[in-house]
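Below you'll find the structure, written out as structure tokens, and then a few comments.
Just so we're clear, the structure is a prediction, and the values are computed from it rather than from any experiment. As a basis for the values below, the full set of heavy atoms in this structure was taken, side chains included, without hydrogen atoms, waters or symmetry mates.
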Amino acid sequence: METLDAVQAVLRERMSGLICPELLGFENETKTLHDVIERTAAFGESNSILLIGPRGTGKSTLLKKILDDLNKDKRITRNLQTVYLNGLLQTDDKIALKEITQQLELENTVDGRVFGSFAENLRFLLDSLKSGDQLSSKPVLFVLEEFDLFAHHKNQTLLYNLFDIAQSAQTPLCVVGLTCRLDVIELLEKRVKSRFSHRQIYLFNKQSFKEFVYVFQTYLQLNQDKTIEVKDSKFVKKWNTEVEKLAKESAMLDILRRQFNTNKDIRALLNLMVIPVGRLSHTHQYLLSSDFIDSFRHHSIDSKAAILHGISVLELCLVIAMSHLNEIYDGEPFNFEMVYNEYRKFSERRSSMQKFDRAVVMKAFEHLQQLELIMPLDNSSVRIQKEYRLMALLLDKSQILETLQKYPNCPTEIKQWAQSAVLT
């Protein structure tokens, strides 16, 4: 039982990003960033660089692995000071400066001093780390996550001063920015842009399905992590064998293929592992493909289809009427009058259920708009009678048919209407 608890603890650490197995396909990018940071840490060379790529491509993971690698060198560990800033947390330069002071542990040095400007304050902080000439000054690594948000700060003072110090080599300084905005350079002011080194590394997820399966296996196998201390080596060997078998099962490969086609993001893959790992116990010691099938089903719930389960029968009739209108007019927008006319034809010809007044139907139509199942296409500032406002249905016919199978006590005639050809 203790062995299983230790296994669960390690897997949870991996899923939370505390332990990072190897990244595939970024060898050149890793070498470039490693060299830039190493030159600052070991030789006092100032640099600035941007890591650019969509969310989930591994920007933070890549940086973390490089820093872990560099920290194996005791000389670098002793000298390099690292400051982490995040554009979502440090929303202005004053907060950012306070955070820099705390992370450099210079609160006592600054205490009581009055500075004339932001630049003077920042320069004083960095000067406080000096212990002689440039070579004996402590190098500082600034990691700016959500870099594009710092570009929205007033006058971009923080970015200007960091790039200015890096360019003038007054203090060994390396600025690493992480952002998902591909146009981030266009956000920088001219004076900031001129001081930036224009080194940029673009990260895009280029994994093949075979590599995706390998990553899945790597995250779950225990021997990949040298820090693990599971005493039962027989269990570890058996666990790794079971994971290898799991990764070759057709049901598991089908789930991984669907996940790969939906989202290649490694974080999404880790989320898929959370439920199966949580189910491990003394009666359920190994991961099964059925656990991943349940997990995939849980994570791929259609939010729009889930909303449909809670609407009234009248509102469901209106959604079906809109679906028919989409078929008649080949996806062209519709208005309330058209939907009401379609609903009225159905209620008069086929339905033995209660018929609703026009005002009640209008209320149901407006409720569907509030639920964002339909969307107005015209400008809200243009004054048009609400009955004639053009709308678009935000649901696919397959979603409607799937909902009807699970809708509680759904009248048979409504199911038949949804599946039938368009009424004439």
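Leu368 and Met322 make their closest contact through CD1-CE, 3.7 Å (heavy atoms, listed as atom of the first residue, atom of the second, distance). The shortest heavy-atom contact between Ile95 and Leu89 is CG2-O, 4.2 Å. Considering all non-hydrogen atoms of both residues, Leu141 and Val176 come closest at CD1-CG2, 3.7 Å. What you find for Tyr219 and Met273 is that their closest heavy atoms are CB-CE, 3.8 Å. Contact record, Arg199 with Asn47: NH1-OD1, 3.0 Å, taken as the closest heavy-atom pair.
Under 3.5 Å, the side chains of Arg258 and Asn261 contain no donor-acceptor pair of N or O atoms. Side-chain contact, Tyr202 with Gln200: a donor N or O sits under 3.5 Å from an acceptor N or O. Side-chain atoms of Asn271 and His299 form no donor-acceptor pair, as typed in the model, at a separation below 3.5 Å. Side chains of Glu366 and Gln370: no donor on one and acceptor on the other come within 3.5 Å. Under 3.5 Å, the side chains of Thr40 and Glu45 contain no donor-acceptor pair of N or O atoms.
Distance CD1/Ile66 to CG/Leu33: 3.5 Å, rounded to 0.5 Å. Interatomic distance, CG of Leu287 versus OG of Ser295, reported as 11.0 Å (0.5 Å rounding). Rounded to the nearest 0.5 Å, atoms CG (Leu11) and CG (Leu222) are 6.0 Å apart. Of the inter-residue distances, the one linking Gln285 atom CD with Leu4 atom CG reads 6.0 Å to the nearest 0.5 angstrom. The CZ atom of Phe212 lies 13.5 Å from the CD atom of Gln217; values are rounded to the nearest 0.5 Å. From Gln90, atom CD reaches atom CD of Glu145 across 10.5 Å, with rounding to the nearest 0.5 Å.
Using a cutoff of 4.0 Å between basic side-chain nitrogens and carboxylate oxygens, Asp35 and Arg39 are not scored as salt-bridged. Using a 4.0 Å cut-off between charged nitrogen and carboxylate oxygen, Glu348 and Arg344 count as a salt-bridge pair. By the 4.0 Å N-to-carboxylate-O rule, Arg55 lies close enough to Glu146 to be salt-bridged with it. With respect to Arg181 and Asp183, a salt bridge is recorded, a charged nitrogen being found less than 4.0 Å from a carboxylate O. Taking the charged nitrogens against the carboxylate oxygens, Glu242 and Lys238 do have a contact shorter than 4.0 Å, which makes a salt bridge.
Ring centroids of Phe150 and His153 are separated by less than 6.0 Å, placing the two rings close together.
Judged purely by atom type and a 3.5 angstrom limit, Asp254 has no side-chain atom pairing as donor or acceptor with the backbone of Ser250. Between the side chain of Gln156 and the backbone N or O of Leu187 there is at least one donor-acceptor pair closer than 3.5 Å. Checking side-chain atoms of Glu342 against main-chain N and O of Val339 turns up no donor-acceptor pair under 3.5 Å. At least one donor-acceptor pair under 3.5 Å links the side chain of Glu211 to the backbone N or O of Ser208. A donor-acceptor pair under 3.5 Å is absent between the side-chain atoms of Thr91 and the main chain of Leu88, judged by distance alone. Asp69 places no side-chain N or O within donor-acceptor distance of the main-chain N or O of Lys65, the cut-off being under 3.5 Å. Side-chain atoms of His298 never come within 3.5 Å of backbone atoms of Ile293 as a donor-acceptor pair (strictly under, hydrogens ignored). Between the side chain of Asn155 and the backbone N or O of Thr157, no donor-acceptor pair lies under 3.5 Å. Judged purely by atom type and a 3.5 angstrom limit, Asp92 uses its side chain to pair as donor or acceptor with the backbone of Lys94. Remark: side-chain polar atoms of Lys59 are paired, donor with acceptor, to backbone N or O of Pro54 under 3.5 angstrom.
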(message) Applying ring pair (Phe, Tyr, Trp, His ring centres under 6.0 Å) to Phe209 and Tyr214, what does each step give before you reach the verdict?
(response) CA-CA 9 Å; Phe209 178 66; Tyr214 176 74; over 10 Å; no
(request) Assess whether ring pair (Phe, Tyr, Trp, His ring centres under 6.0 Å) is satisfied between Phe235 and Tyr286, documenting all intermediate values. (result) CA-CA 10 Å; Phe235 180 82; Tyr286 301 104; 5.7 Å; yes
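In this structure, Arg191 is positioned above the aromatic face of Tyr160, its NZ or CZ under 6.0 Å from the six-membered ring centre and within 45° of the axis. Both tests do not hold together for Arg389 against Phe336: distance to the six-membered ring centre under 6.0 Å, angle to the ring axis within 45°.
Open room surrounds CD on Glu372; 12 or fewer heavy atoms of other groups in view lie less than 6.0 Å from it. Within a 6.0 Å sphere centred on OH of Tyr329, heavy atoms belonging to other residues, nucleotides or ligands number 12 at most.
Ring geometry for Phe216 against Phe292 counts as perpendicular: the plane angle is over 60°, on a 0 to 90° scale with 30° as the lower cut.
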